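Here the structure comes first, spelled out in structure tokens, and everything after it is commentary.
Scope of the values below: all heavy atoms of this structure, side chains included, with no hydrogens, waters or symmetry mates. Throughout, protein chains are lettered first and strands after them, A, B, ... in sequence-line order, and every chain is numbered starting at 1. Fair warning: this is a prediction, and the values are worked out from it, not measured in the lab.
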Number of protein chains: 2
Amino acid sequence: MATIHDVALKSGVSVTTVSRVLNNRGYISETTRNKVFGAMKELGYQPNDIARSLLRKQSNIIGLIIPNVSHPFFSELADQVEYFAYQAGYKVLLCNSQLDPTKEWDYIEMLKRNRVDGIIMGSHTLEVDEYLSLHSPIVTFDRKIGESIPHLGSDNYRGGQLATQHLIDRGCRKIAHICGNLKLQVLSNHRTDAFLDIVKKYGVEHLIIQTDMNVFDQRQYEILIQALLKEHPNIDGIFATSDIIAAFAVKECIRAGKRVPEDVRIVGYDDVGAARWLTPELTSIRQPIDEFGRLAVELIRMQVEGQPFEIANVLPVELMVRATT
Amino acid sequence: MATIHDVALKSGVSVTTVSRVLNNRGYISETTRNKVFGAMKELGYQPNDIARSLLRKQSNIIGLIIPNVSHPFFSELADQVEYFAYQAGYKVLLCNSQLDPTKEWDYIEMLKRNRVDGIIMGSHTLEVDEYLSLHSPIVTFDRKIGESIPHLGSDNYRGGQLATQHLIDRGCRKIAHICGNLKLQVLSNHRTDAFLDIVKKYGVEHLIIQTDMNVFDQRQYEILIQALLKEHPNIDGIFATSDIIAAFAVKECIRAGKRVPEDVRIVGYDDVGAARWLTPELTSIRQPIDEFGRLAVELIRMQVEGQPFEIANVLPVELMVRATT
DNA sequence: TTGTAAGCGTTATCAC
DNA sequence: GTGATAACGCTTACAA
């Protein structure tokens, strides 16, 4: 691969001059400029961004750590992050932690060594200290890890309220809530707080089922929901904490001979694209994934440029009423 | 951020020595080793991979160009590529082309400037020459762009045969095939060749609908399928070239008052996770996405290391019979 | 308007 | 066992 020296040699000028035309800085005569461009074209020259990064102490890379891109929520998030990162001149390094602490740790070390401009954390299984020792700009998703580290998420309590209230409004008298591991310190667990507050307020019978949010183990969802329906045949409402879980709930209800929404009403969460591929279409709590992507990149940029930014970024949610309720 | 010089200074040795303990090369006394490790820990030192890359002329980065990670097929592909890349010590740069030639071009230039070790191309809207001028190792997905560039895909003709034959075996007498733009030089269009061969062989009535594979424009799918069902109310079989399209076909059939599979039988393609979230579960042609990921990374590695590799990599497909047929 | 030389943080080569 | 020093490809003072 041709270097700036080759171009200089071929066009009979110094490397400085080549660098000047490359970056369009300072004065250069039209003749030299053309000579240099000619040489570049002939050699198929491409400036080496690694050398530039070394000099500028900036890689223009954002590390995106998520549990898994194959989960529709994270795939849509990754899509939006990439979209806005591209607009802002950043590249995105894709890091699936698989919720494996070792792998997550490895990726963090790698991102440090590569001097990334920032890290967007949609997963963390490690101790908070690990992240605090990280000096690059961070944005966390769905978790708080420090007073001065910006976090991003939607109004989970409100989402839980909307979903639960909606089921009750539709007449549900025994509602199951399927959520993630409540021991984890994640903000999405506020959905469960809201669920409890509302069902108690109305004196509605209810139960809570915890599950690990591992999309790989879809069979687990099926088993879980089958057991739920068997033990509590009179359930008439389900509030699931993701659209995928809700999709399985629909499927298992139908399999158990129940009609959706006549016998059991079901609300999902996230409102990913798949919510509208289903038959019946899924009622869901919409999270503004595009805004997540925009803000995440923006919060990194702000930190890089030393501009002021918000620590707590809570975005609004919306109830999307469709055919499962 | 601390450099190797800081570590050398703090531990009272030369940078060479620090580099030695870092890379565990040559002889070093236990005492110095400990001193150096101590200094590193104190300073929170992390070697700068940018400097290393510059020296080694290797970035250990693979660029992954796909239309869109939010499409389930590509999100699963990206997931697998990341999985195997991580195992092989590569990082993955996520590039969504959005099927926009400008953006795709931008990304290719960027990847060149960043001296990536290889590019996995699951999208191309540009002229073949652009890729040939690219000197880094490439693997293309679902397209051939040159005699010496390895390409990866599954047995599309066989997939088309399996799907079509299955519909006919199930008694379908008028089959619609919904596929991508047939003008594009992509290998997946062989599915349509197979479709035509089989329906003609059995003298089954058929029609072909082309659509752009843009998952964003889901509304387009709905309109397309609604029109199809209206114009041809006696259709009793649909072979869609993706599971998403198939999901919409199911939905529109139900909406039009038809039963699936009793009135209309539907086969999708890819067998993404979502095929099993649907009710009824989707019959589909399974592509070995995990093998795609493994082979894609492997083919890059082979090229980087100068080892021999296959040009044509065609993986087997499998018919997954479920509830929509 | 153009060139020389130093430096970004590493590693490799060659001395001692 | 350890240390100077050059080199990787680029940008940027400072000169000319």
Should the side chain of [X] and the base of [N] be counted as holding a donor-acceptor pair, with the cut-off at 3.5 Å?
X      : N      : value
A:R115 : C:dG9  : no
B:S53  : C:dT10 : no
A:R113 : C:dG9  : no

Tell me: [atom1] of [X] to [atom2] of [N], nearest whole Å?
X      : N      : atom1 : atom2 : answer
B:N114 : D:dC8  : CG    : P     : 20 Å
A:N24  : C:dT1  : CG    : P     : 13 Å
A:Y27  : C:dG3  : OH    : P     : 18 Å
A:R20  : D:dT11 : CZ    : P     : 12 Å
A:H5   : D:dA7  : NE2   : P     : 11 Å
B:K112 : D:dG9  : NZ    : P     : 18 Å
B:R52  : D:dC8  : CZ    : C1'   : 15 Å
B:E30  : D:dT2  : CD    : C1'   : 16 Å

Short side-chain N/O contact from [X] to OP1 or OP2 of [N], under 4.0 Å:
X     : N      : answer
A:R56 : D:dC10 : no
A:T3  : D:dG9  : no
B:T16 : D:dT5  : no
A:T17 : C:dG3  : yes
B:S19 : C:dA12 : no

What residues in residues 40-50 of chain B put a non-hydrogen atom under 4.0 Å from any atom of DNA chain C?
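The answer is B:Y45, B:Q46, B:P47, B:N48.
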Any side-chain heavy atom of A:K91 within less than 4.5 Å of one from B:N114?
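Yes, at least one pair of side-chain atoms sits under 4.5 Å.
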Give A:R25 one of three labels, base, sugar-phosphate or nothing, depending on what nucleic acid heavy atoms sit under 4.0 Å from its own.
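Sugar-phosphate: the residue A:R25, judged by heavy atoms under 4.0 Å, touches backbone atoms but no base.
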Base, sugar-phosphate, or nothing: which does A:L55 touch, judged by heavy atoms less than 4.0 Å apart?
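Result for A:L55 = base.
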Just by distance, do the side chain of B:Q307 and the backbone of B:Q303 share a donor-acceptor pair under 3.5 Å?
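Checking the backbone N and O of B:Q303 against the side chain of B:Q307, no donor-acceptor pair under 3.5 Å is found.
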Considering only C:dT11, C:dG9, D:dT2, which nucleotide approaches the side chain of B:L22 most closely?
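Selected nucleotide (nearest to the side chain): C:dT11.
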By nearest atom, which of the nucleotides C:dT1, C:dT11, D:dA4 is closest to the B:N23 side chain?
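Given the options C:dT1, C:dT11, D:dA4, the side chain of B:N23 is closest to C:dT11.
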Given that B:V15 and B:K57 both sit by DNA chain D, which one's nearest nucleotide is further toward the 5' end?
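Here B:V15 is the residue nearer the 5' end.
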Compare every heavy atom of [Y] with every heavy atom of [X], then report the nearest pair and how far apart it is.
X      : Y      : result
A:L64  : A:V92  : CB-CG1, 4.0 Å
A:Q185 : A:R143 : O-CB, 4.0 Å
A:V13  : A:T32  : CG1-CG2, 3.5 Å

We want to know whether A:Y86 and B:N96 form a side-chain donor-acceptor pair, criterion being a heavy-atom distance below 3.5 angstrom.
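No, no side-chain donor-acceptor contact under 3.5 Å.
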Around A:Y45, counting heavy atoms of other residues, nucleotides and ligands shown, do more than 12 lie under 6.0 Å from its OH?
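Counting neighbours around OH of A:Y45, more than 12 heavy atoms of other residues, nucleotides or ligands fall under 6.0 Å, so yes.
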Does CD belonging to A:E310 count more than 12 external heavy atoms closer than 6.0 Å?
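12 or below, so no.
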